[in-house]
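See below for the structure under consideration.
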Amino acid sequence: METSMDIIKNYYFSGKNVSLYEHQKKSIDEIDEGRSVLVSVPTASGKSLIAYYAIIRAAKQGLKSMYICPLKALAREKFDELRAIGKGMFTVALSVGDLDAGTDIINRFDVIVCTSEKADSLMHHNPDYFNDIAVLVLDEIHNIGDQTRGPTLEILCTTARIVNPDIQIIALSATLQNAPQIGEWLDATVVRSDFRPVPLKKFVIFRDKLMDDEFQQIDSLKKDIYELIRKILYDGGQVLLFLNTRKRAEKFAMDISEQMDERMFPSSIDIISEDGDRNAEVVNRIAKKGVAFHHAGLNTRIRTFVEENFKSGRIKVITSTPTLAAGINLPARAVIIRDLTRFSDGYSSYISNMEIEQMLGRAGRPKYDDHGEAYIYCPSQGAIDKVKDLFENGVEPVVSAMGKEKIVRFNTLALISNHFCTTLDSLYTFFDSTLYASQNGKGTLKDYVDQVTGYLENYGFIETKGQILKAEKLGTITANLYIDPETAKIIVDMFEENEEEMSVARILYNICKTPDIFTLFVNRDDYESLSAFFDEISESPEDEDDMAAGKTAMLLLDWINEVPIYEIEEKYSVGSGDIESRKSSAEWIVMAASRLAAEFRRELSYPLDVLSLRLKEGVRDDIMSLISIPGVGRVRARRLYENGFKKPSDIAKSTVQNIAILRGFSKTLAENIIKSAKTMGDSSE
DNA sequence: CGTGGAACGGTCTAGACAGCATGTC
DNA sequence: CTAGACCGTTCCACG
């Protein structure tokens with residue numbers, strides 16, 4: 001009989017002699033006993049290894065596992081690691097929103113790495129898939145308390161355990177104050193530790209004084225944190241500086257880069273193409289000095305550029321909004337938290353201790369730094385009190401966020417649609433098994449369930465026959481599309497309109513009014529163009545949400561009318577990352593609208609499909625066929641079209657010379673495009 | 001009367017998950 | 001509730 005250590009050595013470390021940390025050993029012993037575990041230790045303490053062990057152990061017995069992450073980027077990271085580990089032993093699939101893996105991946109792979117929403121979505125189709133899964137890994141499970149996305153994890157967990165009571169749960173978490181409570185809910189053995197492989201030294205900055213974690217002054221800082229950053233850099237460390245707005249992140253990055261001595265750093269850093277992207281230009285300029293900023297206004301390409309160059313050490317300082325606090329593993333010798341407050345819902349407030357801990361957890365690179373350093377900047381006595389609270393009381397308890405009508409509504413529809421709950425009583429029982437009920441008492445979600453089933457019946461999502469709740473067509477489609485019932489309602493209401501009223505602008509406006517679209521913030525400068533837009537679509541905004549939806553619709557309209565990125569950035573004061581995220585969610589909702597139309601307003605289905613594709617590519621409809629050629633995007637397609645190449649077949653018939661002569665087309669590119677265009681002609685005719 | 005600059009008031013603010021087909025009396 | 005930077009305008013002291 002192989003011991004746990006043997007298995008890890010043989011299968012994971014390929015025979016290398018590795019000693020495990022105490023919390024890893026304890027967890028592995030529990031896993032060997034077939035029990036579920038909740039591992040609560042600080043970040044960067046080798047928690048994933050515990051999950052990998054459970055997965056390997058299951059695979060060895062021919063059993064399947066699912067690894068659930070809170071973020072796509074994290075899922076990719078774990079997927080790569082698991083694939084490397086599993087080589088020759090088990091197969092691994094990555095399933096996240098923008099990847100088309102199909103609903104049958106559970107049958108085809110041994111291990112599935114996915115986001116919690118993806119797993120939830122699979123469950124909307126068929127909850128029984130949990131029967132085929134022996135090990136369920138829930139990474140970063142402290143996110144279960146997250147206001148918007150926590151309940152997804154909670155529902156997933158609840159369902160999995162009802163469907164498959166034997167499922168072995170490996171829950172990994174940052175330090176949890178109420179670990180025993182969560183562990184009890186999960187029926188898992190709690191393994192807790194404060195162990196950090198790289199020790200963390202905490203400091204506080206207050207009025208030009210540098211203090212230790214007992215608020216004793218150990219140094220003075222004449223030039224604020226710039227002096228501190230310089231010191232860390234000359235000492236060979238890297239710095240992550242957290243701020244609370246994008247503008248501040250950018251400003252600090254600029255200021256720091258101006259103070260940097262270029263000779264300190266090799267100028268070997270690559271440059272990313274700018275394409276008129278304002279952020280790319282700035283990042284290129286300051287990255288040469290080893291500095292960059294990071295926030296959601298950056299598109300994926302620039303973000304990856306910053307992350308990769310920080311990992312390789314070419315970038316020494318990143319100034320960041322909370323984007324980097326969670327998410328991919330990007331440690332630095334020193335973390336500086338400059339802002340402890342954040343503005344939201346009309347006023348400024350302190351961020352949670354949990355969030356501060358997440359940022360602190362980035363300090364110290366395993367294998368590179370013998371310790372990590374965390375500096376918390378306090379501008380006021382209030383901030384000092386906040387830090388004292390953090391040091392003395394630690395993180396807040398993790399509390400279920402299920403108690404909101406919108407969330408209960410979304411999940412209730414799913415439970416009815418997939419036949420998991422067929423009566424009101426079974427819904428009550430289900431919600432009594434949630435973390436919310438375990439924290440607030442059984443029956444505490446009953447009122448919500450009553451309300452939302454009323455809503456769902458009223459608007460035709462479900463029907464009641466005696467005791468039996470059954471999803472109507474609208475309900476099933478909605479649950480399978482993974483859209484909010486309110487979104488479906490807005491779309492179906494839109495189908496009532498006459499054909500001639502349905503301009504693209506109006507459709508986009510309706511789409512942006514759905515709760516599944518994250519709208520843009522409206523500025524004073526937007527009022528004028530917004531009122532013009534509302535005139536054009538003959539609507540009058542009733543509140544700020546309508547204004548925000550209008551602004552977002554305007555941006556999308558510009559996008560599909562081929563307005564250059566930099567003009568959109570300028571006009572709406574957004575970054576290319578904002579455009580990227582809006583277009584992808586709009587594309588999803590419009591596709592969902594097309595599916596709903598197929599059932600409820602057939603003739604709109606095709607035009608909505610076309611609109612979805614236009615959103616994806618950012619083009620007018622005349623160049624849609626050109627876009628499908630690899631290497632041809634909105635800009636090149638338009639140029640081809642203007643020069644007489646209106647269809648792929650026009651290109652297939654042409655010569656390299658004729659195309660390479662166009663601006664922006666090299667000879668190689670022309671060759672490739674012609675080659676692709678030819679094969680396309682073959683397959684489509 | 002012209003100018004520099006302090007004082008004042010208005011404005012603005014983080015992040016990021018999801019689908020798509022296909023059936024039947 | 002637990003903010004703070006920025007920017008344009010106003011207003012006052014002073015030459």
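First the proteins, then the strands, lettered A, B, ... as listed; each starts at 1. Here the structure is a predicted model, which is why all the values come from computation and not from measurement.
- Checked against B/dA18, B/dA14, B/dA16, the side chain of A/Arg246 finds its nearest nucleotide in B/dA14.
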Protein N or O to nucleotides 2-9 of chain C N or O, pairs below 3.5 Å:
| residue | atom | partner | partner atom | Å |
| --- | --- | --- | --- | --- |
| C/dT2 | O2 | A/Tyr350 | N | 2.4 |
| C/dT2 | N3 | A/Tyr350 | N | 3.2 |
| C/dA3 | O4' | A/Ser348 | OG | 3.0 |

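- Remark: A/His295 pairs with A/Phe293 by the ring-ring contact (aromatic ring centres under 6.0 Å, His included) rule, at least two apart or across chains.
- Under the 4.0 Å criterion applied to side-chain N and carboxylate O atoms, A/Glu117 and A/Arg149 are assigned as salt-bridge partners.
- Of the residues near DNA chain B, A/Thr115 and A/Thr323, the one whose nearest nucleotide (by heavy atom distance) lies more toward the 5' end is A/Thr323.
- Both tests do not hold together for A/Lys551 against A/Tyr572: distance to the six-membered ring centre under 6.0 Å, angle to the ring axis within 45°.
- Every side chain to side chain donor-acceptor pair (under 3.5 Å) that A/Ser573 has, sequence neighbours left out, goes to A/Asn523.
- The pair A/Arg246-A/Asp578 counts as a salt bridge, with a side-chain nitrogen and a carboxylate oxygen less than 4.0 angstrom apart.
- Rounded to an integer number of Å, the gap from A/Ile579 CD1 to B/dA16 P is 16 Å.
- Consecutive Watson-Crick or G-U pairing (both distances under 3.5 Å) extending over three or more pairs maps onto DNA chain B as B:1-13 with C:3-15.
- At the heavy-atom level, A/Ser585 lies under 4.0 Å from base atoms of the strands shown.
- The two residues A/Ala249 and A/Thr319 have their closest heavy-atom pair at O-OG1, 2.7 Å.
- Residue-level contact check: A/Arg149 touches the bases, meaning some heavy atom is under 4.0 Å from a base atom.
- Closest to the A/Asn523 side chain, of the nucleotides B/dC12, B/dC17, B/dG15, is B/dC12.
- Counting non-hydrogen atoms of other residues, nucleotides and ligands closer than 6.0 Å to CD of A/Glu570 gives a total of 12 or fewer.
- Listed by chain and number, the residues in a side-chain contact (heavy atoms from CB on, under 4.5 Å) with A/Ile627 are A/Glu617, A/Val619, A/Ala637 (sequence neighbours excluded).
- When heavy atoms are screened at a 4.0 angstrom cut-off, A/Ile589 is found touching no nucleic acid atom at all.
- The P atoms of C/dC7 and B/dA14 are separated by 16 Å, rounded to the nearest whole Å.
- Checked for salt-bridge contact, A/Lys72 and A/Asp98 meet the test: a charged N lies under 4.0 Å from a carboxylate O.
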Can you tabulate the close N/O pairs, meaning under 3.5 Å, that link protein atoms to atoms of nucleotides 19-24 of chain B?
| residue | atom | partner | partner atom | Å |
| --- | --- | --- | --- | --- |
| B/dG19 | OP1 | A/Ser121 | OG | 2.4 |
| B/dG19 | OP2 | A/Lys118 | NZ | 2.9 |
| B/dG19 | O4' | A/Trp588 | NE1 | 3.3 |
| B/dG19 | O6 | A/Glu587 | OE2 | 3.2 |
| B/dC20 | O3' | A/Arg595 | NE | 2.6 |
| B/dC20 | O3' | A/Arg595 | NH2 | 3.1 |
| B/dA21 | OP1 | A/Arg595 | NE | 2.5 |
| B/dA21 | OP1 | A/Arg595 | NH1 | 3.2 |
| B/dA21 | OP1 | A/Arg595 | NH2 | 2.7 |
| B/dA21 | OP2 | A/Arg595 | NE | 2.9 |

